[in-house]
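Keep in mind that this is a model prediction, so the values were computed, not measured. In the text below, chain A, chain B and the rest are named by the order of the sequence lines, each starting its count at 1.
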Amino acid sequence: MLDLRYVADNLDAVSENLKKRGNALDLGEAAKLSQERRRTIGETEALKAQKNTVSSEIARLKREKLDALSLIEEMKAVADKIKVLDARLAEIEEQLAEIMYSIPNLLDASVPFGKDSDDNPEVRRSPIAPREFSFLPEAHWDIGERLKILSPSEGAKITGARFTVYRGFGARLERALINFMLDTHTQNGYTEVFPPFMVNRDSMYGTGQLPKFEEDMFAISGTDYFLVPTAEVPVTNLHRGDILNEADLTIKYCAYTACFRAEAGSAGRDTRGLIRQHQFNKVELVKFARPEDSLAELESLTRDAEGILEALKLPYRVVTLCSGDVGFSSAKTYDLEVYMPSYQRYVEISSCSTFTDFQARRANIRYRDSSGKVKLLHTLNGSGLAVGRTVAAILENYQNADGTVSVPEVLQKYMGTDTIR
RNA sequence: GGAGAGAUGGCAGAGUUCGGUUGAAUGCGCUCGACUCGAAAUCGAGUGAGCUGGGGACAGCUCCGUGGGUUCAAAUCCCACUUUCUCCGCCA
């Protein structure tokens with residue numbers, strides 16, 4: 001959520017910035033409501049001040065056993081007026097909230113202009129280039145079925161489409177990656193967190209999944225809980241409502257969770273393999289930073305995520321999301337894309353963003369600076385990494401002519417083998 | 001799932017019986033100052049957040065788990081919910 005005051009005072013600059021995302025928004029209504037809100041607050045507060053003064057006068061009269069009846073009668077009318085104005089104010093604030101919740105974050109000045117993912121400029125590439133195969137490489141879904149380590153049909157049988165059962169070394173590889181990633185990140189100063197896989201509505205609002213993206217979420221019927229679409233939600237909300245100490249910033253967390261996404265609107269896309277599942281595993285990095293550190297922290301967070309791909313010796317590249325491709329809550333995003341031979345292109349495996357104070361304002365996450373002032377902080381997060389896609393990338397990039405798959409060196413101790421056959 | 005007891009400021013903890021001078025006693029913590037060569041102890045002063053108005057000093061409003069209600073007036077009364085603890089039941 002943006003700062004209402006800032007929006008109302010800088011209508012042109014804000015709509016100019018939002019226009020780069022490709023969706024024109026009319027902020028006039030918000031500005032109008034904001035004015036009406038302030039005016040109504042002024043009116044009610046004057047009445048409330050009067051009521052408070054007279055009420056203590058009534059208290060005094062009562063104590064002195066004097067007659068207060070006429071004042072009480074008078075205040076009845078004032079109380080009624082206040083009730084009406086308060087109801088009107090609640091109405092205004094509800095409308096205002098609806099508008100404010102629907103406005104995306106302002107883009108950082110460094111975000112390049114562009115229409116969609118085709119316009120995302122490349123920042124850098126891994127030292128390792130995509131491999132030249134001396135044989136016809138298989139897609140990971142074919143490798144998975146042939147080696148009997150991935151079973152989409154069993155997933156479909158016990159649950160449905162876009163669910164996969166991992167078996168044997170497939171299951172072991174998934175687990176090895178989770179452990180390897182967490183081990184690496186904790187060594188880099190991230191505190192490991194293992195949160196619930198379900199969160200309440202307030203948490204979903206806090207990080208911006210609600211109210212706009214409810215149809216992408218799985219809700220638990222009979223409760224007001226949602227399955228987490230990413231660990232970002234529970235981990236960021238760890239500090240919802242908190243005032244943190246500046247000395248404790250930057251706070252760095254890493255967390256493994258399963259992630260659940262309805263993938264509404266993705267029918268027909270990536271139907272084979274592990275790329276787009278309703279349930280997948282992910283290790284997430286989350287930071288709480290001072291505003292002045294946020295861009296630098298985004299760089300280091302991106303590097304930390306890249307470290308996993310580097311250690312796994314996978315070919316990848318980093319792109320900056322252009323203005324038309326940046327997510328709703330983000331001010332700036334780097335995507336890490338791993339080369340996927342089956343797609344013959346780079347495929348997103350991590351998304352690293354700074355949300356500036358957008359989530360912090362919604363979730364009310366603040367810190368006290370050295371002068372004692374309370375300020376909103378900045379939240380950041382990035383995948384480090386999406387585990388299922390990493391399995392897919394390893395299977396495809398490490399496949400051998402004889403049909404086996406080599407195990408990346410750093411994973412061998414976790415796997416207990418150097419080859420999946 | 002059943003019964004009972006709680007939820008108050010950074011923490012501990014009064015106040016809730018009998019609604020009014022309580023944004024909230026007291027203690028601890030923290031900040032600044034005094035004392036000291038320095039520190040501890042001691043003494044003094046200060047120490048929540050948000051919103052509205054104002055250039056500012058400041059003034060007003062709101063907040064005692066959350067949301068409603070009663071009342072001129074609610075931390076205090078009523079209702080619902082959430083959550084913590086204790087006991088019972090059930091259970092990996």
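Between Asp369(A) and Lys373(A), none of the side-chain N atoms (NZ, or NE/NH1/NH2) sits under 4.0 Å from a carboxylate O, so this pair counts as no salt bridge. Using a 4.0 Å cut-off between charged side-chain N and carboxylate O, Asp86(A) and Lys48(A) make a salt bridge. At a threshold of 4.0 Å, the pair Arg167(A)-Glu154(A) counts as salt-bridged, since one of the basic side-chain nitrogens sits closer than that to a carboxylate oxygen. Here Arg37(A) pairs with Glu93(A) in a salt bridge; the nearest charged N to carboxylate O distance falls below 4.0 Å.
Atoms CG (Leu47(A)) and P (U52(B)) sit 18 Å apart, rounded to a whole Å. Between the P atom of A49(B) and the CD1 atom of Ile365(A) lies a distance of 18 Å, rounded to the nearest Å. Residue Asp80(A) contributes atom CG, which lies 13 Å from atom P of G69(B) at whole-angstrom precision. Separating the CG atom of Asn245(A) from the P atom of G29(B) is a distance of 18 Å, rounded to the nearest angstrom. Following rounding to the nearest Å, Leu71(A) (CG) and U71(B) (P) show an atom-to-atom distance of 18 Å. Atom CG in Asp242(A) sits about 13 Å away from atom C1' in A49(B), given to the nearest Å. Computed from coordinates, the Asn200(A) CG to U66(B) C1' distance equals 12 Å when rounded to whole Å. Between the CD1 atom of Ile72(A) and the P atom of G19(B) there is a distance of 15 Å, rounded to whole Å.
Contact annotation: Arg38(A) side-chain N/O to G53(B) OP1/OP2 distance is under 4.0 Å. In terms of phosphate contacts, Arg37(A) brings no side-chain nitrogen or oxygen within less than 4.0 Å of OP1 or OP2 of C51(B). Taking side-chain N and O atoms only, Arg5(A) has a distance below 4.0 Å to OP1 or OP2 of U52(B). The side chain of Lys373(A) contributes no N or O atom lying less than 4.0 Å from OP1 or OP2 of A49(B).
Where Lys62(A) and Met75(A) each meet RNA chain B at their nearest nucleotide, the meeting point lying more 5' is that of Lys62(A). Of the two residues near RNA chain B, Ala79(A) and Tyr225(A), the one whose nearest nucleotide lies more 5' is Ala79(A).
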**Complete:** Each base of RNA chain B marked ( ) or [ ] if paired in-strand (Watson-Crick or G-U under 3.5 Å), | if paired to another strand and . if unpaired gives ((((((((.[[[..)....(.....]]]((((((.......))))))((((((....)))))).[[[[[..)....]]]]])))))))....

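Arg366(A) comes within 4.0 angstrom of sugar-phosphate atoms only, judged by non-hydrogen atoms across all strands, and of no base. At a threshold of 4.0 angstrom between heavy atoms, the contacts of Val374(A) are confined to the sugar-phosphate backbone, with no base atom among them. Arg39(A) comes within contact range of no nucleotide atom at all, as no heavy-atom separation falls under 4.0 Å.
Heavy atoms only, all atoms of each residue included: Phe328(A) and Arg21(A) are closest at O-NH2, 3.6 Å. The minimum heavy-atom distance linking Leu27(A) with Leu11(A) is given by the pair CB-CD2, 3.5 Å.
Between A24(B) and A74(B), the two C1' atoms lie 14 Å apart (nearest whole Å). Here the separation of G27(B) from U47(B), taken at their P atoms, is 16 Å to the nearest Å. Remark: the separation of the C1' atoms in C79(B) and C90(B) is 31 Å, to the nearest Å. Distance noted for atom C1' between A3(B) and A73(B): 37 Å (whole Å). Look at the P atom in both A75(B) and U21(B): the space between them is 10 Å, to the nearest Å. Rounded to whole Å, the separation between the C1' atoms of U31(B) and C85(B) comes to 35 Å. For the P atom pair drawn from G54(B) and A40(B), the interatomic distance equals 46 Å after rounding to whole Å. Taking atom P in both C64(B) and C11(B), the straight-line distance is 16 Å, to the nearest Å.
Side-chain contact annotation: Ser294(A) with Thr354(A), donor-acceptor N/O pair under 3.5 Å present.
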**Message:** side-chain contact (heavy atoms from CB on, under 4.5 Å), that's the test. Do Leu71(A) and Glu57(A) meet it? Break it down for me.
**Reply:** CA-CA 9 Å; Leu71(A) 283 182; Glu57(A) 176 66 11; 3.7 Å; yes

**Message:** Would Ser406(A) and Asn400(A) count as a side-chain contact (heavy atoms from CB on, under 4.5 Å) here? Give the steps.
**Reply:** CA-CA 7 Å; Ser406(A) 297; Asn400(A) 300 313; 3.1 Å; yes

Taking only N/O atoms, report every protein-nucleotides 59-63 of chain B pair under 3.5 Å with atom names and distance.
{"unit_1": "G60(B)", "atom_1": "N2", "unit_2": "Glu45(A)", "atom_2": "OE1", "d": "2.8"}
{"unit_1": "G60(B)", "atom_1": "N2", "unit_2": "Glu45(A)", "atom_2": "OE2", "d": "3.2"}
{"unit_1": "C61(B)", "atom_1": "OP1", "unit_2": "Asn52(A)", "atom_2": "ND2", "d": "3.0"}
{"unit_1": "U62(B)", "atom_1": "OP2", "unit_2": "Asn52(A)", "atom_2": "ND2", "d": "3.4"}

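In the set U21(B), C72(B), U70(B), the nucleotide with an atom closest to the side chain of Arg63(A) is U21(B). The side chain of Arg368(A) lies closest to A49(B) when the candidates are G20(B), A49(B), U70(B).
One finds the CZ atom of Phe169(A) at 10.5 Å from the CG atom of Leu147(A) (value rounded to the nearest 0.5 Å). Atoms CD1 and CG, on Ile220(A) and Asn200(A) in that order, are 12.5 Å from each other to the nearest 0.5 Å.
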